[in-house]
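Right, one structure below, let's go through it.
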Amino acid sequence: MKLKDWIKILVLGVIGFLLPKLSLFYLVCGLIDFSRSHRFEGSNWKRYFLGNGILTWVLSPFNLLMDLLCLPNKGIYRINDLPAEFQAEVRELMRIADSNPQIITELKKQMETKKRGMIFFKWYGKNIDNSISIPEFHHPFKYIKTIGVSIFNKNQKTSTHYGPLRVTLRVLYNLVPMKNDEVYIDAANKRHLWHDDPLFIFDDTLVHQSVNGSDQLRYCMFVDALRPAWYLSLLEVFLGMIRALNISFNRIFYKNWDMIK
């Protein structure tokens, strides 16, 4: 292990000594949360408790609370697993994306020198104006709260990582599915090939990695939608509370992306 890992272990040991009950609580929450991804190899233990999953561990009590407030968490979803209103919004979003080919033509022009790009049209309920005008993305959806497009240049991939919060589900819709088994997303020990199904809905606090192993650009709608919940209005309150915090999360989770305006 690297020196920084030993420093983290030392810090966690000191916290455990000074705050044993709180530390035990976090350990139990973390173990429950960690087990959901079904990835128990040593590198993933290190990733969750010492690496890029440590924020997800810190937020595990909140995320487990969200699981209690929401309908049962399947982790990876087929669209028919979700309520009719949720399905209708996702299908409408897919229709809008498919009927606006300028998304691809305009973004292609801006990706020549970029490895991975991201553009947002809506961010946690707030509409974002940018260089591509698609007014339909600014519609006041009930479930859909974030709308963007992620673009991978050829032979690019993310690190294996965890998302931070479980208030929403991540909805990905591949705009140009390629018949290539090297273009996929791995999530919770399962591989989803985009040419099999351009739509993928999952809980992004599960460990995952997106890969474009082709020599073409990969375009995916990048959407966050409120999880179906017993009390959806309560989730709206939590969403409002974390909206400002997510600005700072952006700097952590999208630091390796070029933001397209």
Side-chain angles (χ1 to χ4, degrees), residues 25-26 28-30 32-37 48 52-79 81-90 92-93 118 120-128 137-150 158 161-173 185 187-188 199-208 210 220-254 257:
F25 170 73
Y26 261 95
V28 171
C29 289
I32 294 171
D33 197 50
F34 171 81
S35 67
R36 299 170 58 256
S37 286
Y48 184 88
N52 60 23
I54 197 166
L55 180 58
T56 310
W57 178 23
V58 169
L59 293 169
S60 60
F62 176 79
N63 287 331
L64 292 171
L65 173 62
M66 290 301 99
D67 285 341
L68 294 177
L69 296 176
C70 297
L71 300 184
N73 190 344
K74 293 179 66 68
I76 297 174
Y77 294 77
R78 308 291 295 182
I79 191 168
D81 295 330
L82 296 159
E85 287 181 302
F86 191 114
Q87 294 183 41
E89 288 196 358
V90 171
E92 174 64 7
L93 185 79
M118 182 79 76
F120 286 107
F121 301 90
K122 188 187 289 286
W123 176 253
Y124 275 76
K126 179 181 178 181
N127 291 327
I128 305 294
F137 282 155
H138 290 175
H139 179 79
F141 294 97
K142 178 179 179 180
Y143 286 98
I144 292 173
K145 299 301 177 182
T146 293
I147 300 175
V149 181
S150 76
T158 66
H161 64 286
Y162 298 82
L165 291 164
R166 214 142 58 231
V167 180
T168 57
L169 294 176
R170 175 66 43 79
V171 179
L172 300 176
Y173 178 55
I185 180 170
L199 181 66
F200 186 63
I201 304 171
F202 74 115
D203 164 8
D204 88 321
T205 65
L206 297 172
V207 66
H208 60 283
S210 291
C220 270
M221 295 301 302
F222 182 95
V223 176
D224 285 324
L226 279 178
R227 288 177 60 185
W230 306 112
Y231 303 101
L232 198 63
S233 58
L234 185 57
L235 251 66
E236 292 273 13
V237 172
F238 282 117
L239 191 75
M241 291 169 59
I242 66 176
R243 184 180 290 118
L245 292 175
N246 257 331
I247 294 173
S248 59
F249 287 165
N250 257 355
R251 299 189 185 101
I252 299 172
F253 285 92
Y254 301 114
W257 299 73

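Just so you know, these numbers come straight off a predicted model, no measurement behind them. Each residue takes its place number in the sequence, starting with 1.
- Judged by distance alone, the side chain of Trp57 and the main-chain N or O of Tyr26 form a donor-acceptor pair under 3.5 Å.
- Between Pro164 and Asn63, the closest heavy-atom pair is O-ND2, 3.0 Å.
- Atom CG of Leu169 and atom CZ of Phe86 lie 5.0 Å apart (nearest 0.5 Å).
- No side-chain donor-acceptor contact under 3.5 Å links Ser210 to the backbone of Thr158.
- One finds the CD1 atom of Ile185 at 8.5 Å from the CD1 atom of Ile76 (value rounded to the nearest 0.5 Å).
- Taking the six-membered ring for Trp and thresholds of 30 and 60 degrees, Phe121 and Phe137 have ring planes inclined between 30 and 60 degrees apart.
- In this structure, His138 has no ring-ring contact (aromatic ring centres under 6.0 Å, His included) partners at least two apart in sequence or on a different chain.
- Tyr48 is linked by a side chain to side chain donor-acceptor pair (under 3.5 Å) to Asp33, counting only residues two or more places apart in sequence or in another chain.
- Residue Ser60 holds its OG atom at 10.5 Å from CZ of Arg36, rounded to the nearest 0.5 Å.
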side-chain contact (heavy atoms from CB on, under 4.5 Å) between Leu165 and Phe62, intermediate numbers included = CA-CA 8 Å; Leu165 291 164; Phe62 176 79; 3.8 Å; yes
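- Scanning for salt bridge (charged side-chain N to carboxylate O under 4.0 Å, His left out) contacts around Asp67 gives Arg166, Arg227, with sequence neighbours left out.
- Side-chain contact between Leu239 and Thr168: present, with at least one pair of heavy atoms (C-beta onward) separated by less than 4.5 Å.
- Partners of Phe200 by ring-ring contact (aromatic ring centres under 6.0 Å, His included), not counting sequence neighbours, listed by chain and number: His192, Phe202.
- Atoms CD1 and NZ, from Ile144 and Lys122 in turn, are 9.0 Å apart once rounded to the nearest 0.5 Å.
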Can you give each donor-acceptor pair under 3.5 Å made by side-chain atoms of residues 230-238, sequence neighbours left out, with the distance rounded to 0.1 Å?
from   : atom 1 : to     : atom 2 : distance (Å)
Trp230 : NE1    : Cys70  : O      : 3.2
Glu236 : OE2    : Lys145 : NZ     : 3.1

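- Note: Phe222 and Phe120 have perpendicular aromatic rings, judged against thresholds of 30 and 60 degrees for the angle between ring planes.
- Summarising the geometry of Tyr143 relative to Glu85, their closest heavy-atom pair is CE1-CB, 3.7 Å, with the distance given to 0.1 Å.
- Here CG of Leu59 is found 10.0 Å from OG1 of Thr205. Values are rounded to the nearest 0.5 Å.
- Looking at every heavy atom in both residues, Ser37 comes nearest to Val207 through OG-N, 2.9 Å.
- By the 4.5 Å heavy-atom criterion applied to side chains, Arg170 and Asp224 are counted as neighbours.
- In this view, Lys74 satisfies the salt bridge (charged side-chain N to carboxylate O under 4.0 Å, His left out) rule with no residue, not counting sequence neighbours.
- Looking at heavy atoms from C-beta onward, Leu199 lies in side-chain contact with Val171 at the 4.5 angstrom threshold.
- Using a distance-only test at 3.5 Å, with no hydrogens or angles considered, a donor-acceptor pair links the side chain of Thr56 to the main chain of Gly163.
- Going from atom OH of Tyr77 over to atom CG of Asp203 covers 6.5 Å, rounded to the nearest 0.5 Å.
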